Each structure stands twice: as structure tokens, then as C-alpha cells.
Colleague: 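Got a structure for you, questions after.
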Amino acid sequence: MTATAPIALTPATGLAMPALADLFNRAYEGYEVPLHVDAGAVEFMHEAFDLSPERSRIAWRDERPIGLAMLAVRGTRAWVGGMGVASEARRAGVGEQLMRALLDSGRAAGVKRVQLEVLEPNTRARALYEKLGFRTFRRLEVWQWDAPASATGAGVEPCDPRDARQRLKAARRAPDPWQREDATIDRLDVSTPALRAVRAGGGGAGDAGDAGDAIYRVTDGRASVLQMAAGDERTAGALLDAIRSRAGVSVLRYLNVPDNDPAAAALRARGATLTVAQFEMAIEL
């Protein structure tokens, strides 16, 4: 491969899942957060997040894939579900070419808004997105709680996930991140493991802040919180305690929690680990 060879951009339809997984891993090599996916994980991302191979773009040099920009589309909204360049091709403008092609692809599909997340330490990528017209809307945190819960979630009971989802929709004050929004949960609701839910303040006459719901899934001992609504930190903490203390759960993870959400404060108070923070950015097309 020569450094001056031209770049070709194509849709991602030409790569099978194993080859796309390999490109993901090469593109994220040396990333601030370790990432390794296999073909099964990439297939899951396509199904759960609505990744569109036709609207995504692959960068090629000398007939070898060197970068990718994956676009998920839901109506007139889109999300960048992965963008990176292999180490041997970085610092040469490939990422900007991929992103410009991806935005053009979104426009052609009738997309009006594209959103993404960028890691807080990744100032170079954030500068690129700002150059392209993206604006920062909020800061998101990824939490992991390994230690046992010191409480079992007083006043919290299991409930029907579908009932919880209806209450969560009614209580929502800000959109959930793409990976946890309703369309994603719809995909997960028909797969395994099954959705589970807990509810706090189920109909009592207490303070409105006592009420709350959370839905989650448990895989190999890891409870992944998918959505939560709690009026205050205490209620959020009770919901989290109930999930973490469930039999068979050894770790709790909550992805992309807005930094002003009561759940973030509750996790911090419980000594959970803030594994990474990132900015949610978006552009209107």
C-alpha cells in the first residue's frame, strides 16, 4: 500500500459481517475505550440500532478497506453508529471524507437530523464534527457498578415491562440516546434475554418524587439498564439498588446517562465507576 494511493468510498453492502467486524476492530485500534467486536455483535448492532449498509460508507485504498462510517436511519433521523480509520491511514483526511459522504448519503435518504456521540477526551474528532456543522447538546456518562448493593431497594417491586414502558414514555422529559430509545427497545423486546422492569411508589399517596420505573436486561450476570425515570436521586437509587441486588446480578451497567440525571448522582453516591463520558452532538441537514 502506498501513502499516496487514492481513496475510494462505497456503501457498506460489499462487506460481509466478519469482514465488517474486522474493519471495526482495525478502525478502533488504540481508541480511548477498548473495543473488540465479532460478526455476531455487528449483526446485533444492525438489527437493534437500524444500521443501514446502503447508507453507510467504507473507505478503500489499494482494494483494502481502511475506514468506515456507519449510519443508522429511523425516518428523518439518523445516528452515526461507528466512524473510524485504520491506524495506517490516519491523519490523512480519510475521516472527513467519510463523514462528508455519510452526510450526503443521509440527505439523499431524506434525513433531516444526524446525531452522534464522541468521547470527551477525543478532541480531534470533536473538532472535525464541529467543522462539519455538528453542535454539542449534552454530556453523557457510562457507569458501571461492580460492588454489591448495600440495600435491596425499599419500596421497589417487579412489574410488567410493557406497563413500565408506558409510564416511562409519559414521564420522559428529554429524549433517550439512540442506543436506549423506544425504537431500540422495540427490537430488544422481541429478543432474548427478556426485558425486566421494576417500579417504585406504585400508587401510594407519597411524594411524586417517590414514583419511578426502570427497564433492564440481564446477560451473563450483567444487568444493563435500558431506560429509567425517577423524580429524584433517592428514587433513582432505590431502583438501581433493586436491580443490582437481584439474584444472579454481579455488575450493573448504565450506558449514556445524561450527567444531570438523578441516576448519575445515585450511581456516583454508591461508588460506581464512571468508565467514560462523551458528548452528544447533532447537525440539522
Side-chain angles (χ1 to χ4, degrees), residues 12 23-25 27-37 41-42 44-52 55-57 67-85 90 95-96 98-103 105-106 111-144 172-185 187-188 224-228 253-261 263-264 267 272-285:
L23 181 55
F24 256 104
N25 293 328
Y28 281 85
E29 183 182 3
Y31 199 51
E32 289 88 346
V33 176
L35 175 70
H36 182 84
V37 297
V42 174
F44 169 82
M45 291 166 61
H46 278 72
E47 294 174 355
F49 303 145
D50 293 304
L51 289 180
S52 170
R55 296 300 173 187
S56 302
R57 292 294 179 263
L68 79 171
M70 304 299 296
L71 193 70
V73 179
R74 290 173 177 165
T76 60
R77 299 182 305 114
W79 170 70
V80 181
M83 197 287 284
V85 178
R90 292 173 188 164
E96 181 171 346
L98 279 165
M99 284 301 300
R100 291 190 182 278
L102 200 71
L103 295 177
S105 175
V111 168
K112 302 300 182 185
R113 186 176 193 270
V114 180
Q115 65 192 73
L116 55 79
E117 298 95 32
V118 58
L119 291 177
E120 192 172 42
N122 196 348
T123 55
R124 186 182 294 270
R126 188 178 179 191
L128 169 61
Y129 300 141
E130 289 174 342
K131 176 182 178 180
L132 295 172
F134 283 83
R135 295 173 51 221
T136 299
F137 283 88
R138 57 182 175 177
R139 181 176 179 272
L140 305 173
E141 298 177 341
V142 179
W143 287 92
Q144 182 162 310
R172 186 170 296 133
R173 297 294 177 264
D176 285 308
W178 189 279
Q179 303 95 322
R180 300 191 289 99
E181 68 179 31
D182 287 338
T184 300
I185 308 305
R187 309 291 189 274
L188 300 180
S224 298
V225 180
L226 301 173
Q227 292 182 355
M228 179 184 292
R253 190 168 186 264
Y254 199 174
L255 173 71
N256 288 350
V257 187
D259 61 2
N260 61 351
D261 191 283
L267 286 162
T273 301
L274 175 60
T275 60
V276 70
Q278 50 190 358
F279 295 106
E280 185 178 67
M281 307 181 74
I283 184 174
E284 305 296 330
L285 300 181

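Just so it is clear, the structure is predicted and the values come from calculations on it, not from any experiment.
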Colleague: Please work out whether the ring planes of F24 and Y28 are parallel, tilted or perpendicular, with thresholds of 30° and 60°.
Modeller: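 Geometry flag for Y28 against F24: parallel rings.
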Colleague: Rounded at 0.5 Å granularity, tell me how far CD1 in I185 sits from CG in D176.
Modeller: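 That separation rounds to 7.5 Å.
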Colleague: Look at the side chain of R138 and the backbone N and O of P258, then say whether any donor-acceptor pair between them is shorter than 3.5 Å.
Modeller: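 Judged by distance alone, no pair lies under 3.5 Å.
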Colleague: Just jot down the side chain to side chain donor-acceptor pair (under 3.5 Å) partners of R77, sequence neighbours excluded, or say none.
Modeller: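 Partners of R77 under the side chain to side chain donor-acceptor pair (under 3.5 Å) test: E181.
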Colleague: Please determine whether side chain to side chain contact (heavy atoms under 4.5 Å, CB included) holds for the pair L98 and L68, giving the CA-CA distance in whole Å, both sets of side-chain angles, and the decisive distance to 0.1 Å.
Modeller: CA-CA 7 Å; L98 279 165; L68 79 171; 5.7 Å; no
Colleague: For the CG atom of L35 and the CD atom of E29, what is their distance to the nearest 0.5 Å?
Modeller: 11.5 Å
Colleague: If you look at every heavy atom in A101 and R57, which pair is closest and at what distance?
Modeller: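 Closest approach of A101 to R57: CB-CG, 4.1 Å.
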Colleague: Pair T184, Q179 - check side chain to side chain contact (heavy atoms under 4.5 Å, CB included), show working.
Modeller: CA-CA 6 Å; T184 300; Q179 303 95 322; 5.5 Å; no
Colleague: Please test Q227 against D182 for side chain to side chain contact (heavy atoms under 4.5 Å, CB included), starting from the C-alpha separation and ending with a verdict.
Modeller: CA-CA 9 Å; Q227 292 182 355; D182 287 338; 3.2 Å; yes
Colleague: Is there side-chain contact between V118 and F134, with at least one heavy-atom pair below 4.5 Å?
Modeller: no
Colleague: Please work out which of the three classes, parallel, tilted or perpendicular, describes the rings of W79 and W178, given edges at 30° and 60°.
Modeller: parallel
Colleague: I'd like to check W143 versus L274 (side-chain heavy atoms, cut-off strictly below 4.5 Å). Are they in contact?
Modeller: yes
Colleague: Calculate, to the nearest 0.5 Å, the distance between atoms CD and CD belonging to E284 and Q115 respectively.
Modeller: 10.0 Å
Colleague: Is the shortest heavy-atom distance from the side chain of Y31 to the side chain of N122 under 4.5 Å?
Modeller: yes
Colleague: If you compare all heavy atoms of P121 against all heavy atoms of A277, which two are closest, and at what distance to 0.1 Å?
Modeller: CD-O, 4.4 Å
Colleague: State, to 0.1 Å, how close G81 and L51 come at their nearest heavy-atom pair, and which atoms those are.
Modeller: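 For G81 and L51, the tightest heavy-atom pair comes out as CA-CD2, 4.1 Å.
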Colleague: Within the side chain of S56, is there an N or O that forms a donor-acceptor pair under 3.5 Å with the backbone of S52?
Modeller: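 Checking the backbone N and O of S52 against the side chain of S56, a donor-acceptor pair under 3.5 Å is found.
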Colleague: Should T136 and M281 be marked as a side chain to side chain contact (heavy atoms under 4.5 Å, CB included) after you check the CA-CA gap, both sets of side-chain angles, and the distance that decides it?
Modeller: CA-CA 4 Å; T136 299; M281 307 181 74; 3.7 Å; yes
Colleague: Quick one: are M70 and H46 in side-chain contact, heavy atoms under 4.5 Å?
Modeller: yes
Colleague: Between L71 and V114, is any pair of side-chain heavy atoms under 4.5 Å apart?
Modeller: yes
Colleague: Any side-chain heavy-atom pair from N256 and E280 closer than 4.5 angstrom?
Modeller: no
Colleague: Can you tell if the side chain of R90 reaches within under 4.5 Å of the side chain of V85, non-hydrogen atoms only?
Modeller: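 A side-chain contact under 4.5 Å exists here.
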Colleague: Which distance, rounded to the nearest 0.5 Å, do you find between the CD of Q278 and the CG of L116?
Modeller: 9.5 Å
Colleague: For the pair R187 and E47, find out whether any cationic side-chain nitrogen is under 4.0 Å from an anionic carboxylate oxygen.
Modeller: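 So R187 does not pair with E47 through a salt bridge.
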Colleague: If you round to the nearest 0.5 Å, how far is OG1 of T275 from OH of Y254?
Modeller: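 These two atoms lie 14.0 Å from each other.
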Colleague: Answer yes or no: are there more than 12 heavy-atom neighbours, outside R100 itself, under 6.0 Å from its atom CZ?
Modeller: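 More than 12 within 6.0 Å, yes.
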Colleague: Do side-chain atoms of R253 reach the backbone of S224 as a donor and acceptor pair under 3.5 angstrom?
Modeller: no
Colleague: Is it the case that over 12 heavy atoms from other parts of the model lie below 6.0 angstrom from the CZ atom of R113?
Modeller: yes
Colleague: From R74 CZ over to T76 OG1, what is the distance, rounded to the nearest 0.5 angstrom?
Modeller: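 It is 12.5 Å, given to the nearest 0.5 Å.
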Colleague: Between L23 and G67, what is the shortest heavy-atom contact and its length?
Modeller: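 Taking every non-hydrogen atom into account, CD2-O, 3.6 Å.
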